[in-house]
Amino acid sequence: MAQYELLNNIAHKDLRIVTRRGGELGDAIGGCAVYPTEFNELQKYYPILFQRTEDGSWLTIVLFGFEANENLFLSGDQWLVPYIPAVIDREPFVIGMQQRPSGVVEPVVYVDLESPRIAHDGQGEPVFLHYGGNSPYLEKITNVLSVVHEGVAEADRMLAEFTRLDLIENIKIEVNFSGGAHYENNRYATISKEKLMALPDAEIIALHRSGLLCYAYLIIGSISNIQQMVDIKNKRI
């Protein structure tokens with residue numbers, strides 16, 4: 001069970017984090033939630049898709065594999081592509097909101113002390129410098145957390161507009177692997193290029209000026225990465 005504490009350089013002055021990758025560290029998963037603030041990097045390696053949540057709303061995700069705990073981008077203690085999605089890379093830290101005595105609410109960083117990424121042997125990356133300042137590793141994590149924090153609002157804005165324009169449509173992913181295995185899934189969705197191209201000029205201009213049009217094209221272009229995943233799996237088979 002997670003045990004979150006507000007990160008500070010006194011209580012956590014000796015905190016170190018295991019930064020290598022590995023299934024035992026939580027990386028053996030078939031995908032994760034992602035945010036528009038990282039689409040430009042994600043689309044180079046992963047298929048960006050939409051998935052329905054329990055309340056019927058859309059969630060933007062990337063796939064790592066074709067099974068629940070299959071991560072084709074993980075090999076031993078290495079992640080095989082340069083960009084790791086923010087919700088994976090930020091572990092074991094999360095952003096919370098804290099109200100100051102002045103009434104101002106601001107984001108703060110919490111750490112999960114029960115995470116397998118907490119180092120207990122003096123190894124790993126230090127979170128704080130010897131005299132209490134933030135380490136380069138914590139500076140990097142702060143940037144990763146900003147991707148998530150800013151991405152939440154951006155995702156809401158994007159999904160609201162794509163839903164209004166009826167651009168999201170289900171797709172069927174069907175693959176025959178070289179070993180004879182068959183994969184079929186119709187639970188995901190993408191942006192309909194046909195519907196996008198059929199929008200009135202005024203809507204296209206509005207999407208472009210709002211910054212949302214580029215997200216649509218990044219999502220559409222990322223679908224080709226499914227074939228890259230198939231190639232990786234076929235080699236392993």
Side-chain angles (χ1 to χ4, degrees), residues 21 23 26-54 56-75 78-91 144 147-148 151-152 154-163 165-179 181-197 207 211-237:
R21 314 317 302 183
D27 294 330
I29 53 176
C32 72
V34 294
Y35 300 95
T37 40
E38 55 183 337
F39 278 6
N40 195 53
E41 292 300 319
L42 291 168
Q43 60 87 26
K44 299 174 184 177
Y45 314 106
Y46 313 97
I48 305 171
L49 300 165
F50 300 102
Q51 184 176 28
R52 287 283 189 190
T53 63
E54 290 183 358
S57 60
W58 289 111
L59 176 69
T60 315
I61 67 163
V62 290
L63 292 184
F64 301 148
F66 298 97
E67 301 172 23
N69 297 315
E70 179 181 56
N71 187 343
L72 296 169
F73 299 96
L74 183 68
S75 179
Q78 300 293 319
W79 200 282
L80 299 178
V81 295
Y83 186 80
I84 301 174
V87 296
I88 304 293
D89 205 23
R90 52 117 179 138
E91 292 287 351
V144 174
V147 170
V148 177
V152 170
E154 187 72 346
D156 288 344
R157 187 174 76 94
M158 177 191 73
L159 290 168
E161 192 66 2
F162 288 173
T163 300
L165 295 171
D166 192 30
L167 295 178
I168 303 175
E169 69 173 11
N170 283 86
I171 59 170
K172 182 178 182 180
I173 302 173
E174 191 168 3
V175 179
N176 291 310
F177 297 106
S178 58
H182 178 76
Y183 173 86
E184 187 174 316
N185 194 312
N186 57 9
R187 294 183 292 109
Y188 301 120
T190 187
I191 293 294
S192 169
K193 188 174 182 179
E194 291 74 19
K195 290 181 178 180
L196 181 62
M197 298 299 290
L207 277 176
L212 298 178
L213 184 60
C214 66
Y215 297 153
Y217 279 112
L218 290 173
I219 292 168
I220 292 169
S222 76
I223 297 300
S224 63
N225 290 322
I226 293 176
Q227 183 58 52
Q228 305 299 325
M229 293 170 56
V230 172
D231 293 343
I232 294 171
K233 180 151 183 158
N234 279 337
K235 287 179 181 178
R236 294 187 180 181
I237 292 173

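Here the CZ-CZ distance, from Arg21 to Phe73, works out to 13.5 Å after rounding to the nearest 0.5 Å. Taken to the nearest 0.5 Å, the CD1 atom of Ile84 stands 9.0 Å off from the CZ atom of Phe64. Here Ile48 contributes atom CD1 and Thr190 contributes atom OG1; the two are 9.0 Å apart, rounded to the nearest 0.5 Å. Atom-to-atom distance recorded for Gln227:CD and Ile232:CD1 is 10.5 Å, nearest 0.5 angstrom. Between Gln51 atom CD and Asn185 atom CG the span is 8.5 Å, to the nearest 0.5 Å. Distance CG/Asp89 to SG/Cys32: 10.5 Å, rounded to 0.5 Å.
Shown here for Pro85 and Val62, the closest heavy-atom pair between the two residues is CG-CG2, 4.1 Å. Considering every non-hydrogen atom in both Val87 and Ala33, the closest pair reads CG2-O, 3.2 Å. The two atoms that bring Ser178 and Asn234 nearest to each other are N-OD1, 2.8 Å, heavy atoms only. Smallest separation of non-hydrogen atoms from Val144 and Ala86: CG1-O, 3.6 Å. The minimum heavy-atom distance linking Cys214 with Gly211 is given by the pair SG-O, 3.1 Å. Nearest heavy-atom pair across Ala189 and Ile168 is CB-CG2, 3.7 Å.
Looking at heavy atoms from C-beta onward, Ile219 lies in side-chain contact with Phe162 at the 4.5 angstrom threshold. The shortest distance between side-chain heavy atoms of Asn71 and Trp79 falls below 4.5 Å. Looking only at side-chain heavy atoms (C-beta outward), Val81 and Tyr46 come within less than 4.5 Å of each other. Between Leu165 and Leu196, every side-chain heavy-atom pair lies at or beyond the 4.5 Å cut-off. Looking only at side-chain heavy atoms (C-beta outward), Met158 and Phe39 come within less than 4.5 Å of each other. Phe50 has its side chain within reach of Ile191: a pair of non-hydrogen atoms, C-beta onward, lies under 4.5 Å apart. For the pair Tyr188/Pro47, no side-chain contact is recorded, criterion being any heavy-atom separation below 4.5 Å from C-beta on.
A side chain to side chain contact (heavy atoms under 4.5 Å, CB included) with Ser222 is found for one member of Ile226, Ile220, Asn225, Leu218 and no other, namely Asn225.
With Glu91 contributing its side chain and Ile88 its backbone, the two residues share no donor-acceptor pair below 3.5 Å. Side-chain atoms of Glu70 come within 3.5 Å of backbone atoms of Phe66 as a donor-acceptor pair (strictly under, hydrogens ignored). A donor-acceptor distance shorter than 3.5 angstrom exists from the side chain of Thr37 to the backbone of Val147, with no hydrogens or angles considered. For Thr163 (side chain) and Leu159 (main-chain N/O), a donor-acceptor pair under 3.5 Å exists by modelled atom type.
Within a 6.0 Å sphere centred on NZ of Lys193, other residues, nucleotides and ligands contribute 12 heavy atoms or fewer.
In this structure, Lys233 forms a cation-pi arrangement with Phe177, its terminal cationic atom sitting closer than 6.0 Å to the ring centre and no more than 45° off the ring axis.
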